[in-house]
Amino acid sequence: MEKPYDFRSIEKEMQEKWREAQVFLTEDSTDKPKFYGMDFFPYPSGAGLSVGHCRNYIPTDVVCRYKRMKGFNVLHPMGWDAFGLPAENEAIKKKSHPKKTVPEYIRTYKRQMNMIGIGYDWSREINSSSPEYYKWTQWIFQLLMKRGLAYRSMSPANWCPSCKTVLANEEVVDGLCWRCDTPIEKKDLPQWFFKITDYAERLIDDLDTIDWPNSIKLMQKNWIGRSDGAEVVFKSEQGDDIVIYTTRPDTLWGASFMVLAPEHPLVEKLASADKKEAIAEYRRQAERQSAIDRQNTEKEKTGIFIGACAINPVNGRRIPIWISDYVMMGYGTGAIMAVPAHDERDFEFALKFGIEMLPVIKRADGVSKSVVPENAAGDGFAEALADAKISFARKDGNYLVTLDAGTADKYIALAEKYLAEGAFAPVAGTVWGVVSAGAFYPWNSFEAGQAILGLLKTEARTVMEYYNGFGFLRDVLLHVEKNSIINSAPEVEKFGGSEAKDKTIDWLEEKGLGKRAKNFKLRDWLISRQRYWGCPIPVIHCPHCGAVPVPEEDLPVELPDVENYEPSGSGESPLANIDSWVNVKCPVCGADAKRETDTMGGFACSSWYFLRYVSPHRDDVPFDKDLAAYWLPVDLYVGGAEHAVMHLLYARFWTKVLYDAGLVPFKEPFHCLKNQGMVLSNTPHKALTLEDGSKTKELVSIFPEEAASLPPEEVTYKWVKMSKSKRNVVSPDAMAEEFGADSLRIYELFVAPFDDAIQWSNEGMIGASRFLNRVWRMIYGYMERYDKDFAKHTDGLSPEETALRRKLHKTIAKVDADIDGFKFNTAIAAIMELANDMQAFYAKLGSGSSPVFSECIYDLVLMLAPITPHAADCIWQDLGYEGFTINAAFPVFDPAIAKDDEKEIVIQILGKVKAKAMVPADADKAHMEEVALANERIQKELAGKTVVKVITVPGKLVNIVAK
RNA sequence: GGGCAAGUGGCGGAAUGGCAGACGCAGUGGACUUAAAAUCCACCGGUAGAGAUACCGUGAGGGUUCGACUCCCUCCUCGCCCACCA
C-alpha cells in the first residue's frame with residue numbers, strides 16, 4: 001500500500017477524529033490509578049506560542065499519553081493566566097482593551113496547542129479573568145482574612161513608575177520592575193499583605209518532602225533565608241531597651257559600636273539635640289535612594305553618629321550608636337551590634353568613620369588563634385605597629401594596602417620571630433590573602449608565611465595588593481589599638497565554632513540578657529495592585545467597621561466595564577474613578593462605605609488554579625473536596641525555572657493555608673516538579689552607546705531590522721532567551737507547516753536533554769522529518785504483508801529474526817524507562833536505532849514476509865504514539881486497528897526475548913583494550929579468563945611477562961595485570 | 001562577593017567506574033536521474049602509515065583504582081540564581 005506522508009492532511013484529520021471521539025476527556029470515577037500532569041498555565045500574549053512554550057508542553061504531553069497507555073487515569077488540563085500586568089500592559093500598548101485582546105490571544109494559543117497535538121481535556125479549560133473563576137479567588141482571599149493572614153498596612157512599597165503600581169518583593173529583580181525594567185521607587189501607600197511569613201518555617205521544612213529539582217529548592221531556601229541566632233538587649237544610656245539581632249552571639253564581646261536602621265523608631269528619642277537635623281537629612285537621603293543604589297555593594301558606606309551610646313550587657317562597655325542604610329528596618333530588629341573584627345561590613349564602616357575597633361576574641365577551637373598567637377598580647381607586636389602609617393583603598397572588591405617602609409620592617413621582624421618559634425600566626429592574614437590569589441598554593445600556611453616574608457623583603461615591601469585582604473588589614477589595624485584580647489563568657493570559653501555560638505545563647509538566656517531567635521529574609525506578600533486588570537479585592541471600607549469582607553452571597557465582586565482603564569499614577573486604581581461602583585453601604589452597619597479599589601496581583605489567581613481543574617464548573621464551591629482529594633497533589637508539574645520564588649512559593653503557601661482550614665488533605669500542591677531548559681535564539685546585539693556618544697563594551701540586543709541597517713562589524717550575535725520584547729521568537733506555526741507537528745515534536749525532544757538550554761536552529765528539523773518519512777515508507781511498503789497474528793508465529797525463527805526481536809525488546813525496555821525518567825532524547829535515539837535495524841532487515845527481506853517484522857511494526861508504532869501521535873494513529877488505523885493508540889497498551893518488555901545468547905567481551909592488558917572475544921552470555925569468570933588467556937593476540941602480548949592478577953567482570957571484560 | 005549547574009568531534013549530544021563519540025546534523029565519495037531534489041550505499045576525532053596497525057585524545061594540573069569522561073582535591077572558563085539579610 002502506497003501512501004505518501006502528507007503530514008498536513010494527516011495531522012488535521014487525526015486532530016478532528018480526536019475531537020469527535022473526545023479522546024482526551026477525563027473520567028473522574030475509575031478503578032485505575034490516577035495521574036495528574038500539568039503545565040504552568042500561560043498568560044496569553046499577542047506573540048502567540050513560541051517553540052519555547054512547546055518545549056514545556058510537548059514533554060508533558062508525551063508523559064501523559066504514555067501514562068494513559070500504561071493504564072493510568074490521566075488528568076491533563078490547560079487554562080489561562082489571563083489577569084495581570086503583562087496582559088494589561090500589552091493591551092495598553094495596542095490601544096485596545098484586555099477584555100478584547102485576551103480572548104483573541106486565547107483563541108490563537110488554543111489553535112496552536114491543538115496544532116502541535118497536545119492532548120488537553122478542553123472541557124476543563126479555565127480562565128482566571130472570568131467571574132466564575134475569580135469569584136473563588138476572592139473567596140480564598142476572604143478565607144485568608146478570616147484566618148488573620150490578610151492585613152492592610154501603610155508601608156513603603158516597591159513602586160514601578162512605568163507600570164504605575166506597587167510590586168511584591170519577588171517581582172523586583174535587581175532593583176528593576178520584572179515586567180518593564182524600570183527602576184523601582186519607594187512609595188508610602190496603604191497596601192494589602194498576605195502573611196506568608198507565618199509559614200516561612202514550614203515552607204522551608206516541607207521542601208524535604210517533595211520531588212523537585214535541587215536548584216529550585218535551594219532558591220526557595222535562600223529566598224526564605226532562615227538564619228539562626230539571638231536577640232540581645234542593649235540598654236541606652238537613658239535606659240531604653242535596644243534589641244539587636246545577631247547570628248554571632250559569640251562575638252558579643254567584640255561589639256565596638258551599634259548601628260540602627262535610619263527609620264528605627266528609637267532614633268528620634270535617643271538622638272542628641274544637635275544631631276536631629278543631620279539625622280532628618282540623612283533619612284530623607286536614604287528614602288530618595290532607589291533600590292538599585294541601595295543594593296549596590298560597591299558603594300561607600302554612609303551614616304552618622306546620633307550622639308548617644310549604648311551599654312553592652314555582657315561587659316558593660318559603652319559603645320556609640322550610629323545610623324546607616326546598610327542596616328535595614330525590615331530585617332531582624334532593625335538594629336545591630338557592629339563587630340568589625342568579624343564582619344567585613346562593620347569593619348569597613350569603622351574604617352570609614354574612624355570608630356575605635358575591638359579586636360577578635362580568643363577561642364578554643366584555633367580559628368581565632370590563627371589570627372593572634374596566645375602570647376601576642378603584651379609581647380610588643382601591637383606596640384611595634386602602633387605608629388604605623390598604613391593606608392588602604394578598596395579597588396574592584398580588593399583592598400589595596402600600603403605600608404610605609406618602617407612599618408614593613410617592623411612587621412617583617414616580628415613575623416620572622418614568630419616563624420622562628422614555629423608560630424605563623426602574625427602573617428596568617430597575609431597568607432590567606434596570597435593563598436587565595438593562587439600564588440602559593442599548595443603550600444601550607446607556614447611555608448606560605450615564609451614565602452610572603454621573602455616577598456615583603458624585596459620590591460613588594462611597600463605596596464601589596466591583597467585579595468580578600470580583610471583578615472590581614474583587620475589584624476594590623478586591630479593591634480594598633482593596643483587592646484588585649486577580650487574573652488567570651490567563662491562558661492563558654494572552651495568551645496569553638498557553632499558550639500560556642502550555641503553555648504553563648506544558653507548563657508545569655510540564663511543571665512536574662514537575650515534569647516534564641518530566628519530570622520527570615522522573606523517578607524510578607526504584598527498583593528495590592530493599583531491597576532484595572534486584576535481580581536477585585538472583595539472588601540468594603542466602612543468608616544465605623546473598618547475593612548469588611550463583601551458577604552459571600554455577593555461574590556464575585558465583578559470587575560466593572562470601563563472604557564479608560566489605564567493607570568493614573570496617583571497611587572489609586574482606575575476603579576477609584578467609578579463612583580457608582582465605589583460607593584456602597586457597609587454590609588455590617590449599613591453606613592455609607594467605599595469599596596476597596598485595588599486589585600490583586602496576578603499571582604493570587606495562579607496560587608490555586610490546579611485545584612479548580614478538578615471541578616471547573618462547580619459554582620457552589622471553589623473545588624470539589626473529594627475530587628481534589630482524589631486527583632491531588634499534582635503528580636507532574638512542568639514549567640520554566642523563572643517562577644522558582646514567585647508562583648511556586650505562593651502556591652505552596654495557599655495550599656498550606658487550605659490544609660490548615662481543613663479543605664484539602666495534602667500540604668504540598670506539586671509532588672514532582674520539572675523545569676524544561678530554555679530555548680535560546682541567536683540575537684543581534686550592538687555596543688551600548690552612552691549619553692555622551694561613547695561606546696562601551698556592554699552589548700544590548702537590537703531588532704533584526706536595526707541589525708540589517710548597521711555595518712556588519714558593529715553587529716554581534718549572541719544566544720539569548722527568546723522573548724517578545726527582543727523580537728527573536730520562533731513560532732511553531734512555520735515549523736509545523738514545513739515539517740509537520742510530529743517532526744517538530746521529535747526535534748524538540750531529541751535535540752538535547754529535557755532540562756538543558758538549547759540553541760534554536762531549523763537545521764535539525766530535517767533529521768526528525770527524514771526519520772519519520774523513512775519509518776512511514778517502510779511500514780506502508782510492508783502493510784499488505786502485515787500479520788496481526790504475529791504473536792502466534794514465534795516458532796522456528798531465523799537467526800536474523802531472533803536478533804531483530806531481541807533488539808526490539810531491548811528497545812522497549814529502554815524507551816519505557818527513558819520516557820518515565822524524562823530522558824526523551826535517548827528514548828528517541830533508541831527508537832531510531834531499532835528503525836535502522838528494521839530497515840536493514842526489510843531490505844534483505846525483499847518481497848518476503850516475517851511475523852517478527854510485523855511485531856516490530858506493532859511495537860514501533862505504539863512506542864512512537866506518545867511522541868508522534870498523529871502519524872502513529874494514522875498508521876494504527878491503516879493497519880486495521882480500531883480507535884486510537886492512546887487507548888492501546890504500551891509495549892511490554894519481555895526479558896526472556898531480550899536476553900543475549902552470546903556476548904562480546906573485551907580483553908584488556910593493564911586497562912588497555914587488546915582483543916575481543918565472544919562468550920556465552922552466562923559464561924562464568926573461569927571460562928572468560930580461559931578464553932582471554934587463550935587468545936592469540938593476548939598470548940603474543942604476554943610473551944615474557946608474568947601475569948600478576950586477572951580481573952573479570954561477567955559479561956563485560958577481562959583485564960590482565962601483567963609485568 | 002555567595003550559591004548552583006556545566007565544560008566530550010565541525011555542530012547538537014551519548015556513555016555515571018569497564019570498547020569514548022550511540023543517535024542525529026553538517027561534510028566527503030559513490031549509486032539512481034537528461035539534470036536537480038528526494039532516496040539508497042560507503043566514509044567521517046587527531047597524528048603517522050598505501051594498509052593492517054600504532055600512538056595521542058573528554059577545559060588544565062594532581063590524586064584514588066587493575067581500569068577514570070565518570071570518583072576525590074586545586075585551578076580556569078561559560079551559564080543561571082541570589083546578593084549590604086547582621
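In what follows, chains are A, B, ... by sequence order, proteins preceding strands, each numbered from 1. Quantities reported herein were computed from a predicted structural model and do not represent experimental measurements.
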| remark: Hits for ring-ring contact (aromatic ring centres under 6.0 Å, His included) against A/Y842, two or more places apart or cross-chain, chain-then-number order -> A/F853
| Proximal nucleotide (of B/rC4, B/rA26, B/rA86) relative to the A/S215 side chain | B/rC4
| task | Describe the nucleic acid contact of A/V913 in one word from base, sugar-phosphate, nothing, applying a heavy-atom distance below 4.0 Å. | result | sugar-phosphate
| field | side chain to side chain donor-acceptor pair (under 3.5 Å) partners of residues 824-838 of chain A, not counting sequence neighbours, each pair once | value | A/K807-A/E833, A/D818-A/T826
| field | Candidate nucleotides B/rG18, B/rC84, B/rC40, ranked by approach to the side chain of A/R777 - the nearest | value | B/rC40
| task | Quickly work out the A/D346 CG to B/rC84 C1' distance and round it to whole Å. | result | 10 Å
| Can you find a side-chain donor-acceptor pair between A/Y331 and A/S227 that sits under 3.5 Å? | yes
| message | Let me check I have this right: for RNA chain B, each base becomes ., (, ), [, ] or |, based on Watson-Crick or G-U pairs with both distances under 3.5 Å. What is the full string? | response | ((((.((..(((.....[....))).(((((.......))))).((((....))))..(((((..]....))))))).))))....
| field | Sugar-phosphate only, base, or nothing, as touched by A/N825 at under 4.0 Å among non-hydrogen atoms | value | sugar-phosphate
| said: Using a heavy-atom cut-off of 4.0 Å across all strands, would you classify A/I831 as base, sugar-phosphate, or nothing? | reply: nothing
| task | Can you sort out the partners of A/S215 under side chain to side chain donor-acceptor pair (under 3.5 Å), two or more places apart, ordered by chain and number? | result | none
| Roughly how many Å is it from CG in A/N959 to P in B/rC66, rounded to a whole number? | 10 Å
| task | Examine the side chains of A/Y747 and A/N762 and answer whether a donor and an acceptor come within less than 3.5 Å of each other. | result | no
| note | In this structure, CE of A/M678 is separated from CD of A/Q759 (nearest 0.5 Å) by 11.0 Å
| field | Distance between P atoms of B/rA22 and B/rG9 (Å, rounded) | value | 13 Å
| B/rU65 to B/rA14 separation - P atoms, rounded to the nearest Å | 31 Å
| Nearest-angstrom distance, C1' atom, B/rC69 to B/rG7 | 11 Å
| message | Please confirm whether the shortest side-chain N or O distance from A/S227 to OP1 or OP2 of B/rA86 is below 4.0 Å. | response | yes
| said: If you only use heavy atoms from C-beta on, which nucleotide in B/rG24, B/rC82, B/rC23 is closest to the side chain of A/R774? | reply: B/rG24
| What is the distance from CD1 of A/I758 to P of B/rG24, rounded to the nearest Å? | 19 Å
| task | Looking only at side-chain atoms of A/D756, point me to the closest of B/rC40, B/rC84, B/rG13. | result | B/rG13
| task | Please determine, for the side chain of A/M832, which listed nucleotide (B/rG24, B/rA15, B/rA86) has the closest atom? | result | B/rG24
| field | From CA spacing to verdict: ring-ring contact (aromatic ring centres under 6.0 Å, His included), A/F349, A/F257 | value | CA-CA 10 Å; A/F349 193 83; A/F257 53 102; 5.7 Å; yes
| said: I'd like to know if A/E763 reaches the base of B/rG12 with its side chain such that a donor and an acceptor end up less than 3.5 angstrom apart. | reply: no
| query | Is a donor-acceptor contact shorter than 3.5 angstrom present between the side chain of A/K949 and the base of B/rC66? | reply | no
Show me the protein contacts with nucleotides 55-59 of chain B, counting only N or O atoms at under 3.5 Å.
unit_1 : atom_1 : unit_2 : atom_2 : d
B/rC56 : OP2    : A/K912 : NZ     : 3.3

| query | Are A/D502 and A/R516 ion-paired here, with the side-chain N under 4.0 Å from a carboxylate O? | reply | yes
| said: It should be established whether A/R770 places a side-chain nitrogen or oxygen under 4.0 Å from OP1 or OP2 of nucleotide B/rA26. | reply: yes
| query | How many angstroms lie between CD in A/Q220 and CG in A/L648, if you round to the nearest 0.5 Å? | reply | 6.0 Å
| Side-chain N or O of A/N836 closer than 4.0 Å to phosphate OP1/OP2 of B/rG24 | yes
| remark: In whole angstroms, the gap separating P of B/rA83 from CG of A/L218 amounts to 14 Å
| message | Nearest heavy atom decides the nucleotide; on that basis, is A/K916 or A/I951 closer to the 5' end of RNA chain B? | response | A/K916
| task | Write down the distance between CG (A/L207) and P (B/rC4), rounded to a whole number of angstrom. | result | 16 Å
| Rounded to whole angstrom units, what separation is found between the CZ atom of A/F771 and the C1' atom of B/rC25? | 15 Å
| task | Please confirm whether any donor atom in the side chain of A/E904 sits under 3.5 Å from an acceptor in the base of B/rC19, or the reverse. | result | yes
| request: Compare the minimum distances between each of B/rG3, B/rA86, B/rC25 and the side chain of A/N222, then state the nucleotide with the smallest one. | output: B/rG3
| request: To the nearest Å, give me how far apart CH2 (A/W776) and C1' (B/rA38) are. | output: 18 Å
| request: Classify the side chain of A/K956 versus the base of B/rC19 as yes if they form a donor-acceptor pair under 3.5 Å and no if they do not. | output: no
| request: Specify the residue among A/L522 and A/R937 whose closest nucleotide of RNA chain B lies further upstream toward the 5′ end. | output: A/R937
| B/rC4 OP1/OP2 closer than 4.0 Å to side-chain N/O of A/N214 | no
| message | Can you tell me which nucleotide in B/rG18, B/rG12, B/rA26 comes closest to the side chain of A/F750? | response | B/rG12
| task | Could you check how far CD of A/Q759 sits from C1' of B/rA6, rounded to whole Å? | result | 14 Å
| message | Tell me whether the side-chain N/O atoms of A/Y326 come closer than 4.0 Å to OP1 or OP2 in B/rA86. | response | no
| field | Qualifying residues under ring-ring contact (aromatic ring centres under 6.0 Å, His included), relative to A/F234, sequence neighbours excluded | value | none
| request: Answer yes or no: is there an ion pair linking A/D900 with A/R806, defined by an N-O contact shorter than 4.0 Å? | output: yes
| request: Please test A/F824 against A/F822 for ring-ring contact (aromatic ring centres under 6.0 Å, His included), starting from the C-alpha separation and ending with a verdict. | output: CA-CA 6 Å; A/F824 308 105; A/F822 258 68; 5.0 Å; yes
| said: Under 4.0 Å, counting only non-hydrogen atoms across every strand here, what does A/R523 touch: a base, just sugar-phosphate, or nothing? | reply: base
| message | Please classify B/rG7 as syn or anti, treating any glycosidic angle within 90° of 0 as syn. | response | anti
